[in-house]
Amino acid sequence: MSAVLDDKTRNQALIQEVLEAYPEKAAKKRAKHLNVYEEGKPDCGVKSNIKSLPGVMTIRGCAYAGSKGVVWGPIKDMVHISHGPVGCGQYSWGTRRNYASGTVGVDNFTVLQVTSDFQEKDIVFGGDKKLDKVIDEITEIFPLARGISIQSECPIGLIGDDIEAVAKKKTKEISKTIVPVRCEGFRGVSQSLGHHIANDMVRDWVLDKADNKGFESTPYDVTIIGDYNIGGDAWSSRILLEEMGLRVIAQWSGDGTLAEMEKTPKAKLNLLHCYRSMNYISRHMEEKYGIPWVEYNFFGPSKIAASLREIASHFDDTIKENAEKVIAKYQAMVDGIIAKYKPRLTGKKVMLYVGGLRPRHVVGAYEDLGMEVVGAGYEFAHGDDYQRTTHYVKDGTLIYDDVTGFEFEKFAEKIRPDLVGSGVKEKYIFQKMGIPFRQMHSWDYSGPYHGYDGFAIFARDMDMAINSPVWNMTKAPWKK
């Protein structure tokens, strides 16, 4: 108990110390985003989904990143146009490791960067004619593409181009699905609004227009929604679901197809991995089609087992029995992983700052290895994300929303974690500070981390990061 009180007191003092560095007005605003979690509270006690302060080093992205980079970009049999100047598409090209099967240019277009390459004359005179021409060129070069999405960059919204009119016109001409997405980067306060806008376009331009005649349903049809197949995550998740006896009729966005998206309303249960980015479409399908949805967590054996049982509870006794068989099948493997890595990782402290679900979802995986998450925060969370986080973090955990670069470094200096898990922008800062780091957006070129197979890789990677002999050649600031 005294240790928890000491941590709480330290963390509360640390927040005040950090705030003192700001001007009064900025400190007042940032104070709402920083807190120490108190067990029993309904949420983490921080404000979220608010515009970042000008002048601070925020780690957030934009609405374009949320739509193209997260929701639409991984759909593999569609060509996704970065509509606007070349920069947005160029600098976001290939930055997320969305694995996808298929042949590039035939039935997989995820690795391509297609842009309308706006120039000054397009800003002045409008780009609708250019967009029309780009769609014609895509149709000629990639005739097997099932559809096209138009991912708007900032200038498109500022000059008022009518991408919806172009999409409707070209859909009739080429008889393919064309989806206009108003995801200009200036919309909203982070990439989160981009997710919402992208979900709405799935609703309006895909699901509501789908023709599923001839589809034969079964009592065990499920979908995987909001898994982007980072490093193969969705594949390792799908294995467990199919071993349970469920039929995965759709998986998106990671390694997903337009046809799978169209079939989704035929599912008996939607399985939601990333709540933040895909809860909107899941709620829509529940309201319109009566399809229930459940959020699942396949990080670490404890949460995997709990999620398999929760999913099975929506089906008959056969699936429930199969879930127990799947859990038992992998128990020896899990015991071996924990026996190997837990002695090397027990007691190690972790600070997390990631996107829409991982600051809570990966907590159980760390705890399965004997590690402790002492700080957690989100880039673009909403209030309900912090409510869900209370089920994962412990009393006294430091909570930080939309943390600034300054705050994150100061927190790490005082808390002295053994590992920081965040994004590529933070990676080299902490490594230069002598703190082991794992890139928890796209697994640092590793993965998968989902499922039992993924847990083996996760444990190996955390051990490799923390116990690498390279840290004997440098020291964290507090060890000098």
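Shown here are the ring pair (Phe, Tyr, Trp, His ring centres under 6.0 Å) partners of H450, two or more places apart in sequence or in another chain: H273, F299. For F186, the ring pair (Phe, Tyr, Trp, His ring centres under 6.0 Å) test picks out no residue, with sequence neighbours left out. Not counting sequence neighbours, K394 has no partner by the side-chain hydrogen bond (donor to acceptor under 3.5 Å, both in side chains) test. With sequence neighbours excluded, the residues satisfying ring pair (Phe, Tyr, Trp, His ring centres under 6.0 Å) with F408 are Y353, Y400, F430.
Put simply, CG on L352 and CG on L398 are 11.5 Å apart, with the number rounded to the nearest 0.5 Å. Here OH of Y296 is found 10.0 Å from CG of L240. Values are rounded to the nearest 0.5 Å. Taken to the nearest 0.5 Å, the CZ atom of R358 stands 6.0 Å off from the CD1 atom of I230. The structure places CG of D402 at 8.5 Å from CD of E407, a figure rounded to the nearest 0.5 Å. Y386 contributes atom OH, which lies 3.5 Å from atom CG of D401 (distance to the nearest 0.5 angstrom). Here the CG atom belonging to L14 is positioned 12.0 Å from the OG1 atom belonging to T9, to the nearest 0.5 angstrom.
Within the 4.5 Å cutoff, side-chain heavy atoms of L246 are placed close to those of I311. Y289 has its side chain within reach of L207: a pair of non-hydrogen atoms, C-beta onward, lies under 4.5 Å apart. Counting only heavy atoms from C-beta outward, the side chains of I225 and M285 approach each other to under 4.5 Å. Side-chain atoms of M440 and V362, non-hydrogen and from C-beta on, do get closer than 4.5 Å to each other.
If you check the side chains of Q439 and S442, you find a donor sitting under 3.5 Å from an acceptor. In this structure, a donor-acceptor pair under 3.5 Å is absent between the side chains of Y449 and S236. Using modelled atom types, one finds a donor on one side chain and an acceptor on the other under 3.5 Å when comparing S446 with R460. For the residue pair R60/Q191, the side-chain donor-acceptor check at 3.5 Å is not satisfied. No hydrogens or angles considered: nothing links the side chains of T223 and W252 as a donor-acceptor pair under 3.5 Å. For the 3.5 Å distance criterion, the side chains of T404 and R30 fail to qualify, holding no donor opposite an acceptor. Looking at H382 and S192, their side chains do bring a donor and an acceptor atom within 3.5 Å of each other. For the residue pair Q151 and S149, a side-chain donor N or O sits within less than 3.5 Å of a side-chain acceptor on the partner. N229 and D233 share no donor-acceptor pair across their side chains, judged by distance under 3.5 Å alone.
Look at R360 and D385 and you find a salt bridge, because one of the NZ, NE, NH1 or NH2 atoms lies within 4.0 Å of a carboxylate O, short of that distance. Checked for salt-bridge contact, D444 and K427 meet the test: a charged N lies under 4.0 Å from a carboxylate O. Ion pairing between a basic and an acidic side chain is recognised when a charged N comes within 4.0 Å of a carboxylate O; D255 and K76 show such pairing. Comment: E39 does not engage K41 in a salt bridge, judged by the lack of any side-chain N to carboxylate O separation of less than 4.0 angstrom. Using a 4.0 Å cut-off between charged nitrogen and carboxylate oxygen, R276 and D384 count as a salt-bridge pair. Ion pairing between D368 and K303 fails under the 4.0 Å rule for side-chain N and carboxylate O. Using a 4.0 Å cut-off between charged side-chain N and carboxylate O, D200 and R203 make a salt bridge. In this structure, K263 does not pair ionically with E260, as no charged nitrogen and carboxylate oxygen lie closer than 4.0 Å.
The minimum heavy-atom distance between L258 and I75, with the atom names listed, is N-CG2, 4.0 Å. In terms of heavy atoms, G66 sits closest to V70 at O-CB, 3.2 Å. Summarising the geometry of P85 relative to P155, their closest heavy-atom pair is CD-CG, 3.6 Å, with the distance given to 0.1 Å. Considering every non-hydrogen atom in both G226 and M278, the closest pair reads CA-CG, 3.6 Å. A pairwise comparison of heavy atoms in S237 and D227 identifies OG-OD2, 3.8 Å as the closest pair. When all heavy atoms are compared, the tightest approach of P359 to G377 is CG-O, 3.1 Å.
The backbone N or O of P74 sits nowhere less than 3.5 Å from a side-chain atom of T110 that would complete a donor-acceptor pair.
The only option from V363, T346, I466 that meets the side chain to side chain contact (heavy atoms under 4.5 Å, CB included) definition with M371 turns out to be I466.
Within 6.0 Å of atom NZ in K268, more than 12 heavy atoms from other residues, nucleotides or ligands are found, so the atom counts as buried in its surroundings. Atom CE of M57 has 12 or fewer heavy atoms from other residues, nucleotides or ligands within 6.0 Å.
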Worked check of side-chain hydrogen bond (donor to acceptor under 3.5 Å, both in side chains) between Y228 and S277: CA-CA 11 Å; Y228 304 107; S277 62; 2.6 Å; yes
For residues 412-419, which side-chain donor-acceptor pairs fall under 3.5 Å, sequence neighbours excluded?
from, atom 1, to, atom 2, distance (Å)
K414, NZ, E17, OE1, 2.8
K414, NZ, E17, OE2, 2.8
D418, OD2, K349, N, 2.7

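Aromatic ring centroids of Y378 and F380 lie 6.0 Å or more apart. Between F458 and Y366, the distance separating the two ring centers is shorter than 6.0 angstrom.
Among residue pairs with one or both ends in residues 63-97, those qualifying as ring pair (Phe, Tyr, Trp, His ring centres under 6.0 Å) are H83-F118; sequence neighbours excluded.
Relative orientation of the Y275 and W293 rings is tilted, given thresholds of 30° and 60° on the angle between their planes.
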